[in-house]
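What follows is a set of notes on a single structure, which appears directly below.
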Amino acid sequence: MADTKREIERKYESKDSGLPDLTGVAGVAAVLDKGVAHLDATYYDTADERLAASSVTLRRRTGGSDAGWHLKFPVAPGVRDEIHAPLSDTLPDALAGLVRSRVRDGELLPVVRLRSDRDVRHLVDADGRLLAEVSADAVRADRLTAGGGEAQWTEIEVELADGGDPAFLDKVDKRLRKAGIRPSASASKLARALAETAPRRQRASVSAGEPVTAADHVLAYVRAQRDAIVELDPAVRRDVEDSVHSMRVATRRLRSTFKSYGGILDRTVTDPVGDELKWLAGELGLDRDREVLTERLTAALDAVPATLVRGPVAERLHTWASAEHGGARGRLIGVLDSRRYLALLDTLDALIADPPLRKAAGKKPRKAIAKAVKKDFRKVAELVERAVELEPGTDRDVAIHEARKKTKRARYAAEAARPALGKPAKSLVKSMKALQNLLGEHQDSVMARQALRELSAVAHAAGESAFTYGLLHEREEQRAVGVEAELPAFWERTERGAAGL
């Protein structure tokens, strides 16, 4: 079983003279000597160091109070989520799954061994409560791959106690700086070890910059969405809040970008990739769509006076919401472990490494990118104007839904265009997001009414009153009518705002 904790720490260069006196740090009542721990850690990565490239660390460590397997994901500078599993000879399955989006079919190999003599102090307050752990680490690093070397250094590490106030680290920082100690240039021991023990031929080199083209801008956006999918994979597996939704959005952004910028990236190559992205988005959205609809219906029911609620409406809604939820987590993990999903990630990597460029790809970005954005906006205009002209009913509902989908695409195209087009693209992103929300409210009403009709039929068949379902249906219908009434003027303002493209 793996446990997760949020690690907040800062690292400093050491003068090899041990820790300075920290009794003067504000809020510290005592500095407790906890002795010296001898730590021995082996770090694992692929031969091409895919984990290190993402600032992810995986190690097996003995010694100290937390011996075992540790997997760390970056959250922010100086902040990481550390996932701990018990000591074993082989990598636990729970951790193997969390690195699968990066490792895929690659083999995890021992790349660096770090042995540290850690002189530990606990900073405690007047009640004896731990505020932070401070250590002076004498480190020896050995590269375990062919041609590598070794390195030695000392550093000071300050780790905030669980649940502590991060502002306390500023107080320690002030004291350390006063003692002439400066922050470390390396974000982690592993990063420093890899840099200092690498074979000379692998040391970083600076390459000449390439001219900025339309393709550069589009591929930068594609790369960012690919990275988002890979980085969100472990969060989805850990059921981190909003991670499934965020990953789904990244897949949609990618698919939309391939469609919008078909003049830059050849769609005969990208369309099949888009089909696989659509599949992934569908798998991610199976429970999300019902969850959002359930929240809407629950909120609507909560707003109905108790005297107007006839029958077990809340219970019926709960049963409906839970109908397809069983086994959802296991099914989604199965998708992320599937050969199809991992092949999609490999395909995206290959596409970015060797993009299927068309003639416009090498042109200056402003003209080629603006052309694609304007084309998407015109499609939105056609659909919105058609929807406004239709009579209320199913045809208008469908037209508004289609306009919403194209609005998302135009929004994502404008997002990709922002570095090239600047303020006009930023303004369009804002306008398209607002339009998407308005049209989304209408579509949510359509879906809610469909669900209410289903619930009403089931209730009626069970001999229950359908009155409350009808009341909720009427309220949803009025919400849709409100959107339809607002749309013409809203669209007129949107068109004026897009005139600067």
Side-chain angles (χ1 to χ4, degrees), residues 5-43 57 59-70 72 77-80 82 84 87 112-143 150-197:
K5 63 169 287 189
R6 179 61 55 87
E7 177 185 81
I8 304 176
E9 66 180 16
R10 298 185 188 181
K11 296 181 181 293
Y12 298 84
E13 303 288 349
S14 173
K15 297 180 178 179
D16 299 331
S17 56
L19 292 168
D21 180 14
L22 297 172
T23 54
V25 175
V28 174
V31 179
L32 308 180
D33 187 342
K34 307 302 290 185
V36 177
H38 303 286
L39 310 176
D40 191 341
T42 299
Y43 288 78
T57 60
R59 73 186 179 203
R60 180 184 184 277
R61 189 167 78 181
T62 58
S65 60
D66 63 346
W69 287 89
H70 304 151
K72 300 186 181 186
V79 182
R80 294 186 290 182
E82 178 177 300
H84 179 270
L87 193 64
V112 167
R113 182 183 183 188
L114 293 182
R115 283 169 284 183
S116 305
D117 294 327
R118 171 166 287 182
D119 187 6
V120 181
R121 302 286 189 275
H122 281 183
L123 308 185
V124 298
D125 63 14
D127 296 325
R129 183 173 62 93
L130 179 64
L131 300 172
E133 179 177 283
V134 184
S135 63
D137 296 346
V139 184
R140 176 182 171 181
D142 293 285
R143 173 77 69 149
E150 63 180 46
Q152 295 185 42
W153 69 88
T154 58
E155 68 179 38
I156 292 173
E157 185 176 290
V158 184
E159 182 174 349
L160 188 69
D162 293 346
D165 182 359
F168 177 71
L169 295 182
D170 293 333
K171 299 175 182 179
V172 179
D173 180 83
K174 183 177 180 181
R175 178 69 186 88
L176 291 174
R177 288 176 184 268
K178 190 174 181 180
I181 296 172
R182 295 292 177 261
S184 174
S186 296
S188 68
K189 288 183 177 66
L190 177 62
R192 182 167 182 172
L194 289 172
E196 295 190 10
T197 66

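Here L131 contributes atom CG and L123 contributes atom CG; the two are 6.5 Å apart, rounded to the nearest 0.5 Å. Atom-to-atom distance recorded for L22:CG and L176:CG is 6.0 Å, nearest 0.5 angstrom. To the nearest 0.5 angstrom, Y43 atom OH is 5.0 Å from L114 atom CG. Rounding to the nearest 0.5 Å places CZ of R59 at 11.0 Å from OG1 of T42. T197 OG1 to D142 CG: the interatomic distance, rounded to the nearest 0.5 Å, is 8.5 Å. Atom NE2 of residue H70 and atom CZ of residue R80 lie 11.5 Å apart, to the nearest 0.5 angstrom.
Put simply, the side chain of D165 gets close to the backbone of A167: a donor and an acceptor are under 3.5 Å apart. Not one N or O on the side chain of R140 forms a donor-acceptor pair closer than 3.5 Å with the backbone of E150. A donor-acceptor contact shorter than 3.5 Å is absent between the side chain of D137 and the backbone of V139.
By the side-chain hydrogen bond (donor to acceptor under 3.5 Å, both in side chains) test, R6 is found to be paired with D81, residues two or more places apart in sequence or in another chain being considered. Residues that satisfy the side-chain contact (heavy atoms from CB on, under 4.5 Å) test with E13, not counting sequence neighbours, are S184, A185, R192.
Side-chain contact check for L194 versus R143: some heavy-atom pair is nearer than 4.5 Å. Using a 4.5 Å cut-off on side-chain heavy atoms (C-beta onward), P183 and R177 make contact. A 4.5 Å side-chain heavy-atom check between S116 and K189 finds at least one atom pair inside the cut-off.
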**Study point:** CA sep, side-chain torsions, deciding dist, call: V172, R10, side chain to side chain contact (heavy atoms under 4.5 Å, CB included)
**Key:** CA-CA 10 Å; V172 179; R10 298 185 188 181; over 6 Å; no
Practice item. Check the pair E133 / E157 against side chain to side chain contact (heavy atoms under 4.5 Å, CB included), numbers first and verdict last. Key: CA-CA 8 Å; E133 179 177 283; E157 185 176 290; 5.9 Å; no
Practice item. Test D170 against K174 for salt bridge (charged side-chain N to carboxylate O under 4.0 Å, His left out), laying out the working first. Key: CA-CA 6 Å; D170 293 333; K174 183 177 180 181; over 6 Å; no
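In summary, of the residues considered (R61, R113, R115, R60), a side chain to side chain donor-acceptor pair (under 3.5 Å) with D40 occurs for R113 alone.
Between W69 and L87, the shortest heavy-atom distance links the atoms CD1-CA, 4.3 Å. For S188 against K11, the heavy-atom pair with the smallest separation is CA-CE, 3.8 Å. Smallest separation of non-hydrogen atoms from I156 and P20: CD1-CD, 4.2 Å. Scanning all heavy atoms of the two residues, the minimum distance from H84 to G68 falls at NE2-CA, 4.0 Å. In terms of heavy atoms, A193 sits closest to A141 at CB-CB, 3.7 Å. Taking each heavy atom of A138 and T154 in turn, the nearest pair found is CA-CG2, 3.8 Å.
Dense packing is recorded around NZ of K5, with more than 12 heavy atoms of other residues, nucleotides or ligands lying under 6.0 Å away.
Sequence neighbours left out, the pairs with a member in residues 27-38 that pass side chain to side chain donor-acceptor pair (under 3.5 Å) are D33-R121, H38-D117.
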